Number of protein chains: 2
Amino acid sequence: MSENVGRWLRDEIENSILSNEFSPGERLDETVLATRFGVSRTPVREALMQLDAIGLIEIRPRRGAIVIDPGPHRVYEMFEVMAELEGLAGSLAARRLDEASREAITASHGRCEKSAAAGDSDAYYYDNEEFHKAIYAAGRSEFLEEQCVQLHRRLRPYRRLQLRVRNRLSTSFSEHCAIVDAIFAGDGDKARRLLRTHVGIQGERFSDLVASMAAR
Amino acid sequence: MSENVGRWLRDEIENSILSNEFSPGERLDETVLATRFGVSRTPVREALMQLDAIGLIEIRPRRGAIVIDPGPHRVYEMFEVMAELEGLAGSLAARRLDEASREAITASHGRCEKSAAAGDSDAYYYDNEEFHKAIYAAGRSEFLEEQCVQLHRRLRPYRRLQLRVRNRLSTSFSEHCAIVDAIFAGDGDKARRLLRTHVGIQGERFSDLVASMAAR
DNA sequence: GTCAACAATCGTGTATACAAGAATTGTGTT
DNA sequence: AACACAATTCTTGTATACACGATTGTTGAC
C-alpha cells in the first residue's frame, strides 16, 4: 500500500478497470468505493480525478463517473498510435544500443522463445511485455518510454485477447526475431518498419480483435 | 467558469503553468492557491491531482506540489515524439482527405501565408496552430487527434520561442507548402516524412531551443 | 563558531459535514 | 392504463476540521 491512500486507490481502481473487474460503461459510485476500500470519499474522489485525467474514466459533472468504453474502432486507433511510437522506439534503439540494453533485449527475447515453444500464452504474454519494455528502454528517450509504457498498459486487455488467436504465438515470436536482428544490426529504418507492422493490427487481425471484444 | 470549480481550477492552473506564470520548479501551495482563487482547498487539490496525472506537476507525498521542469533534453524528446505523431497524422490525412478537411487545411494555410508575409510572428503562431490542428482532424483518428492536441499544448511555450528565431517564419511556411502539396496529392509517405522534419528539431535548431530556454 | 537535537510551526492527507443538483418514485389526472 | 408533475431520496461538489509528518528555527553543547 502506497504512502498515501489516494495513490493506492488510483492504482487499485486502475487495475480493476484494466482487468475488466469494472466493465466499460459501469458507474463508479464514490460512496460504494469508499466503504469497499474502508476509506472516506475524499481520497476516492482524488483517485477518480486522476483516472479521468488519464482517460480511463469519464466524470460527468454532478452525474458521477463511468468507465470509458473505447469500442473496437477507438481501440484500433490506439493500436495505430502504439505502432508508431514503438516504431520510433525501435529506430532509436537501433541507433543508440548499448551493451546493457542489448543484454536486456536478448534475455527477454530468450524467455519469449521458451514460452512460445511451450505454447504457454499466459507466460508469453508477460515475457512479450518485458521484451517490448526492453526496446523502449533501449531507445534512451525517457519521455517516449513513459508514453509507450502508459499506452501499453491501456491496451493490455486487448493484447491479451489477441494472443489467444490461433498461431499468433509463433508468428509473433518470429516477428520478434526479425526485430531483434534489425536492432542489433543498427538498421533503424528496418526496425521501425518491422515494429510498426508487428504492433499494428491490419487486415484480418482487426476482425479477430472485434470478434474477441464482442465475445465479452 | 466551468460547471464545477475543480475543472475550472485545473484549466486555470494549467494555463498559468503553460504561460510560464508559474515557473518550473516553483512550489504550488494549496492554501495560497485556495485563497487566491477564493475557494477551499478541496477543489484545488483535485485540480492538482489531475495536473499530476497529466504530467505537468509532481506531487511529492507530504511535501507539496512543484511545477515540473522538463529541461532541454526532455523537451527535445517531447518534440521527437510530437514529430512522429504528426507524421502519422499527416500520412492518414493524405489517405483519408475529404472535402471539408481539404477546405479547413487550405483556409488555415492561407492565413499562415498572410501572417508570414506580414512578418507577424504572434499571428503566425496562432495560424500555425490551427494549420496543424486541421491536419490532425483530417487524419480521422480521434485518439491520435487528442494525443496530438495534448502534446501540442504542452510544447506551446517552446514552439513560441522557436518562432522568434531569424527566418524561421518563412522557412516554416515554405515547409507548410510542401506538406499541403503532399497531403493533397495523396502521398502519405511524403507527408509523413515532411511533417517529421518540420516538427522535429534537428541540428542547429536544437541549440536555438536550448539558448532560448536558458535565456529565461 | 559550528553542528546537532529538540521544539514549534506550517502544510499536507483524510474524514466528516453541509449544500445543491439529479434521479427516482409516487400520486394525481386524463 | 399511461403520462406528467411533484416530492423525496440519493449522490455529487465544496467547505471545514483534525491529525500526522515535514520543515525550519532556536538553543545548547562541544
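The figures that follow rest on heavy atoms only: side chains count, while hydrogens, waters and symmetry mates do not. What you are looking at is a predicted structure, and each value in this text was computed from that prediction instead of being measured. Proteins come first, then strands; the chains are lettered A, B, ... in the order of their sequence lines, and each starts at number 1.
- Side chains of A:Tyr76 and B:Ser141: no donor on one and acceptor on the other come within 3.5 Å.
- We find that CG of A:Leu33 is positioned 12 Å from P of D:dT11, with the value rounded to whole Å.
- B:Glu46 has its CD atom 10 Å from the P atom of D:dA15, to the nearest Å.
- Cation-pi geometry between A:Arg102 and A:Phe184 is satisfied (NZ or CZ under 6.0 Å from the ring centre, within 45° of the ring normal).
- In this structure, B:Arg60 atom CZ and C:dT12 atom P are separated by 10 Å, rounded to whole Å.
- Taking the ring axis of A:Phe143 as reference, the NZ or CZ atom of B:Arg74 does not stay both within 45° of it and closer than 6.0 Å to the ring centre.
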For a quick check, with a 4.0 angstrom heavy-atom cut-off, what is the B/S/- contact string for nucleotides 16-24 of chain D, read 5' to 3'? BB--BSSS-

Which donor-acceptor pairs under 3.5 Å do side chains of residues 48-60 of chain B form with protein atoms, sequence neighbours excluded?
unit_1, atom_1, unit_2, atom_2, d
B:Gln50, OE1, B:Arg10, NE, 2.9
B:Asp52, OD1, B:Ile59, N, 3.1
B:Arg60, NH2, B:Arg63, O, 3.0

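- We find that CD of A:Gln50 is positioned 13 Å from C1' of C:dG13, with the value rounded to whole Å.
- Residue A:Ile59 contributes atom CD1, which lies 16 Å from atom P of D:dT11 at whole-angstrom precision.
- Side chains of A:Glu175 and A:Ser172: a donor-acceptor N/O pair is absent below 3.5 angstrom, by distance only.
- For the OP1/OP2 pair of C:dT12 and a distance below 4.0 Å, the side-chain nitrogens and oxygens of B:Arg45 include no atom meeting the criterion.
- Counting to the nearest Å, the C1' atom of D:dC10 and the CG atom of A:Asp29 are 9 Å from each other.
- Between B:Phe37 atom CZ and D:dA15 atom P there is a gap of 13 Å when expressed in whole angstrom units.
- Nucleotide C:dA15 holds its P atom 12 Å from the CG atom of A:Asn4, rounded to whole Å.
- Using modelled atom types, one finds a donor on one side chain and an acceptor on the other under 3.5 Å when comparing B:Asn128 with B:His176.
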